[in-house]
Amino acid sequence: MIPEADILRIDEPELTASERLYLPQIAEGMKTTLRHLGNSLFKSRFTVQYPEEKRDLRLQNYRGVHRLNRDERGRVACVACYMCSTACPAHCIHIEASESPWPDREKYPAKFDIDELRCIYCGMCEEACPVDAIELTPQFDLVGRTREEMILDKEELLAVFDQTAAMKPRKNPHVTGYAGTGNRSQEPPLALGASAQ
Amino acid sequence: MRDFLTSQWGVSVLLAFVVINALLGATAYCIYFERKISAWIQDRCGPNRVGPWGILQPIADGIKFLMKEDIVPNHVDKPLFIFAPAVIFLVAFIGFAAIPWGGQLELDGRLVDIQVTNPDIGLLYILGVGSMSVYGVVLGGWASNNKYSLYGAIRATAQMLSYEIPMGLCILVVVLTMGTLRLEEITLRQTGYWAGWVPQWNVFLHPVAFVTLFITALAESNRTPFDLAEAEQELIGGYHTEYSALKFGMFFLAEYAHMITASAFIAVLFLGGWHLPGVSWTQPEATQWYAVLAKVGVLSAKIILFLFVMMWIRWTLPRFRFDQLMHLAWKGLIPVTLALFLLATGLLFIEHQRSPVWALSGNLLILVAALFTASSSRLRVTGRQTNLPTIMPSDDLVRGDRMEAAL
């Protein structure tokens with residue numbers, strides 16, 4: 001048996017006179033709905049007529065479809081370090097690294113696939129990337145007919161960059177200007193790719 | 001031929017054809033406006049894709065109802081299952097026959113009634129046809145062979161039986177005041193003026209009866225807050241759970257047709273039907289064709305006003321609990337309407353049945369008495385029932401606590 005001291009007895013609040021009469025409360029409620037009706041008819045609407053109008057998204061931190069950034073020479077900025085696929089909680093990033101054809105880095109991604117259906121759009125990959133090569137874009141209307149179509153490969157992710165680079169320029173491009181491996185932090189911040197600001 | 005067309009018989013046939021089609025369209029557009037009003041009240045836009053402002057939405061809905069698969073489940077009572085929507089649809093649409101739409105029309109020197117039929121018992125006819133709509137609900141619930149549908153049907157029966165009493169008493173008040181059962185006659189007797197400008201509408205004689213009749217009309221047409229028969233949350237739609245396609249569409253349309261009948265009925269009984277004070281076209285003497293059109297317009301405007309209030313109420317108030325519903329009918333509305341009935345009889349006895357001072361002061365007295373009783377009584381309409389024993393923890397619960405302690 002629960003000890004009496006532990007029981008908290010709550011009394012139902014007494015109804016006020018107007019609540020007992022019921023009708024004043026009905027009038028009050030109908031006033032509220034009439035106000036909403038008038039507002040939607042004659043004043044602002046909250047609804048956005050989607051295909052015709054689109055909301056202004058916060059471009060810098062909206063988390064939509066991914067893109068793989070290009071560096072200032074148009075090459076894929078990714079160095080195939082696997083940080084993003086390790087950080088990914090949904091395990092949707094699949095990278096195959098290969099030796100870089102360029103002298104300024106050791107590896108580059110031979111394959112880079114993101115399963116957009118598995119992705120939960122948390123942005124952890126973007127947080128994890130040491131060279132800011134993977135970013136999420138404000139593009140949200142991704143559609144496909146099959147599951148396979150929704151797995152974006154490297155070329156498609158680079159194409160997303162080409163489509164969205166104008167509306168959302170790549171952030172911190174200076175960190176991917178590699179003068180040599182390992183001394184990235186000593187680079188003068190605005191010497192290369194000053195397009196960030 | 002011309003002789004036939006200008007006779008009462010010809011006009012009635014033509015009018016029946018026009019009215020039934022106009023009503024089918026009106027019910028479809030009621031659904032559109034129901035959706036629009038619900039949207040506006042909830043800060044949404046409502047249907048706006050089919051045609052400009054979505055006005056072709058009812059047509060799209062109609063096509064959808066026609067094209068959908070009409071499923072008749074294996075376990076249902078087939079004849080009754082098919083019969084039920086037909087009954088509810090039929091009775092919802094034949095009630096209009098006795099509504100006086102537009103006074104009289106002069107055709108080739110003869111006066112014809114703009115009314116499909118003008119029986120001596122027009123009021124009783126509408127009342128009788130209106131109460132038959134519960135048959136559709138009950139048959140649908142029974143034929144579905146589904147316990148939830150049956151619950152819905154049983155609720156509908158109890159509700160209709162309870163609310164028919166205050167409704168009948170309110171109508172009796174009008175009958176006693178007017179001294180006739182003919183709806184056209186009731187309209188005509190409301191076309192005079194008091195003090196030269198106040199129209200002699202019954203709403204100015206018995207406002208309490210008017211409000212009560214409106215509440216019971218909501219209950220009779222199964223509208224929120226009285227839609228317990230089709231409570232989505234606990235009964236999954238109630239009596240029409242098993243219905244699909246056009247059969248469901250018939251239940252759906254019938255509800256709106258019932259609302260329109262109820263509105264037209266109240267407008268005729270209490271708001272003077274097609275009469276509008278100060279407009280010469282809506283006086284009983286005006287019998288030209290344009291006057292008739294104006295009268296039909298005035299009655300339609302009154303109906304639309306009622307429909308709007310019904311929809312507005314639907315999207316404002318939550319549903320009653322069943323005991324509250326019964327409380328409201330048996331302990332609230334029936335005593336009030338009985339008092340009103342007594343008042344009307346008394347006024348008739350002293351031959352002051354059309355005197356606004358007497359009737360209004362009587363109404364005020366009844367209203368004050370009702371409000372006083374409601375606010376001072378412990379057995380009120382809303383809230384929890386206070387005369388029930390408090391729930392004590394059962395033995396099982398105590399044993400469970402012991403087991404918990406032992407663990």
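The chains referred to below are lettered A, B, ... by the order of the sequence lines, with proteins before strands, and numbering in each begins at 1. These values consider heavy atoms only, across backbone and side chains, with no hydrogens, waters or symmetry-generated copies.
- For B/Phe33, the CZ atom counts as loosely surrounded, since its 6.0 Å shell holds 12 or fewer non-hydrogen atoms of other residues, nucleotides or ligands.
- Expressed to the nearest 0.5 Å, how far OG1 of A/Thr47 lies from CG of B/Asp43 amounts to 8.0 Å.
- Both the backbone and the side chain of B/Leu371 come within contact range of chain A, with heavy atoms under 4.5 Å apart.
- Side chain to side chain, B/Trp315 and A/Thr33 fail the donor-acceptor criterion of an N or O pair below 3.5 Å.
- Checking each of A/Glu28, A/Lys31, A/Met30 against B/Thr316 for a side-chain contact (heavy atoms from CB on, under 4.5 Å) leaves exactly one that passes, namely A/Met30.
- Other residues, nucleotides and ligands place no more than 12 heavy atoms under 6.0 Å from the CD atom of A/Glu99.
- If you tally non-hydrogen atom pairs under 4.5 Å between each of B/Arg49, B/Arg44, B/Lys36 and chain A, the highest count goes to B/Arg49.
- Sparse packing is recorded around CH2 of B/Trp53, with 12 or fewer heavy atoms of other residues, nucleotides or ligands lying under 6.0 Å away.
- Atom CD in B/Gln42 sits 10.5 Å away from atom CG in A/Leu37 (nearest 0.5 Å).
- At a 4.5 Å heavy-atom cutoff, A/Gln25 makes no contact with chain B through either its backbone or its side chain.
- Judged by distance alone, with hydrogens and angles left aside, the side-chain atoms of B/Trp40 form no donor-acceptor pair with the main-chain N or O of A/His36 at under 3.5 Å.
- In the displayed structure, A/Lys111 atom NZ is contacted under 6.0 Å by at most 12 heavy atoms of other residues, nucleotides or ligands.
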